[in-house]
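Report on the following structure.
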Number of protein chains: 2
Amino acid sequence: MKLATEDFDRISKALADPQRRAILQKLAMTGKLNCSDVGAFFDVSQPTVSHHLKELATAHVVEKEKQGQFCFYHVNNEVLSAYVSELQRRLGLNAVLATPHVR
Amino acid sequence: MKLATEDFDRISKALADPQRRAILQKLAMTGKLNCSDVGAFFDVSQPTVSHHLKELATAHVVEKEKQGQFCFYHVNNEVLSAYVSELQRRLGLNAVLATPHVR
DNA sequence: TAAACATATTGATGAACATCTATATTATCG
DNA sequence: CGATAATATAGATGTTCATCAATATGTTTA
């Protein structure tokens, strides 16, 4: 999967904040959570959680699923993998594994 | 190689800025550059380049080598690899490849 | 030693941002 | 319908930060 430059930039920024990384990690571990559940894990206000989730969603590293009054979020592994790959590519960390063959 | 939490945080922040990523990428491509050479590639002032290189060095993603009046910088691949691994671990991107065996 | 050069530091400025309180919006339930 | 609950938005505030001009520090060379 190919990431637009704009998305790559946005993801880098999204991952820069420790609180946002913690939220993302929690989502990665639990699979799927709603806003309130996420908030319960951390000592920040509800609007702050909402804001962070929005940032993560805008960067497409999480996906939002509205179910009635609730709003579930889950990690987008495809985007995260693409981000890590692109990061490795840019940093020259994948020279040896350039085109891995599966036989 | 194990990254201290503090280092992981600092690297995430260091990678958040596009200008710093561009500098790092340039260093990854060319291997080794001094301050002036780095500056020549971008349209920013000398103090700004110096500042960014310092941030990258503080995060240990580049290493500094003073040679007389010049100052050479090169990428620290070990730290960058460790960062990417830790990132993958936290984001749950390595479930399948947990302990890759080389036979 | 004086001038020229490479890099670092200082201090200032404007923008971005994390966070909060207050409030709005939308959905459920009695 | 009215109350309660979940999430979002608006606006404010303090902090962090990217950047620059000016200057300092350290190094080479004429």
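By convention in this document, chain letters (A, B, ...) are assigned in the order of the sequence lines, proteins followed by strands, and residues within each chain are numbered from 1. What you see below is based on every heavy atom in this structure, not just the backbone, and it leaves out hydrogens, waters and symmetry mates.
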### Transitive ILVMFWY side-chain link A:V75 to A:F72, under 4.5 Å
no
### Message
Please compare B:K64 and A:H52 by the position of their nearest nucleotide in DNA chain C and report the one closer to 5'.
### Response
B:K64
### Short side-chain N/O contact from B:S50 to OP1 or OP2 of C:dA8, under 4.0 Å
yes
### Task
Side chain of A:Q69 only, please: which of C:dC5, C:dT7, D:dA6 is the nearest?
D:dA6
### Query
Which nucleotide sits closest to the side chain of A:S45: D:dA6, C:dT7, C:dT21?
C:dT21
#### Entry: Straight-line distance of A:K32 NZ to A:Q67 CD, nearest 0.5 Å
5.5 Å
### Task
For residues B:A59 and B:V79, report the shortest heavy-atom separation together with the two atoms involved.
O-CG1, 4.1 Å
### Task
Output the residues of residues 10-20 of chain B in contact with DNA chain C, where contact means a heavy atom of the residue under 4.0 Å from an atom of the strand; sort by number or write none.
none
### Query
Taking the nucleotide of DNA chain C with the closest heavy atom to each, which residue, A:V44 or A:K66, is nearer the 5' end?
A:V44
### Query
When you measure from the side chain of B:Y73, which nucleotide among C:dA8, D:dA8, D:dC20 comes out closest?
C:dA8
### Message
Please report the interatomic distance CG(B:D37) to OG1(B:T30), rounded to the nearest 0.5 Å.
### Response
8.5 Å
### Query
Can you name the closest pair of heavy atoms from A:V84 and B:L93 and give their distance?
CG2-CD1, 3.8 Å
### Task
Take the protein atom CZ of B:F72 and the nucleotide atom C1' of C:dA8, then report the distance between them rounded to whole Å.
17 Å
### Query
Within this structure, what is the CG-to-P distance between A:D37 and D:dA5, rounded to whole angstrom?
16 Å
### Query
Has the side chain of B:Q46 got a donor or acceptor atom sitting under 3.5 Å from an opposite partner on the base of C:dA8?
yes
### Message
I need the NE2-P distance between A:H51 and D:dA12, as an integer number of Å.
### Response
17 Å
### Task
Give a yes or no on whether a salt bridge exists between A:D9 and B:R21, defined as a side-chain N under 4.0 angstrom from a carboxylate O.
yes
### Query
Of the nucleotides C:dA8, C:dA22, C:dT7, which has the atom closest to the B:P47 side chain?
C:dA8
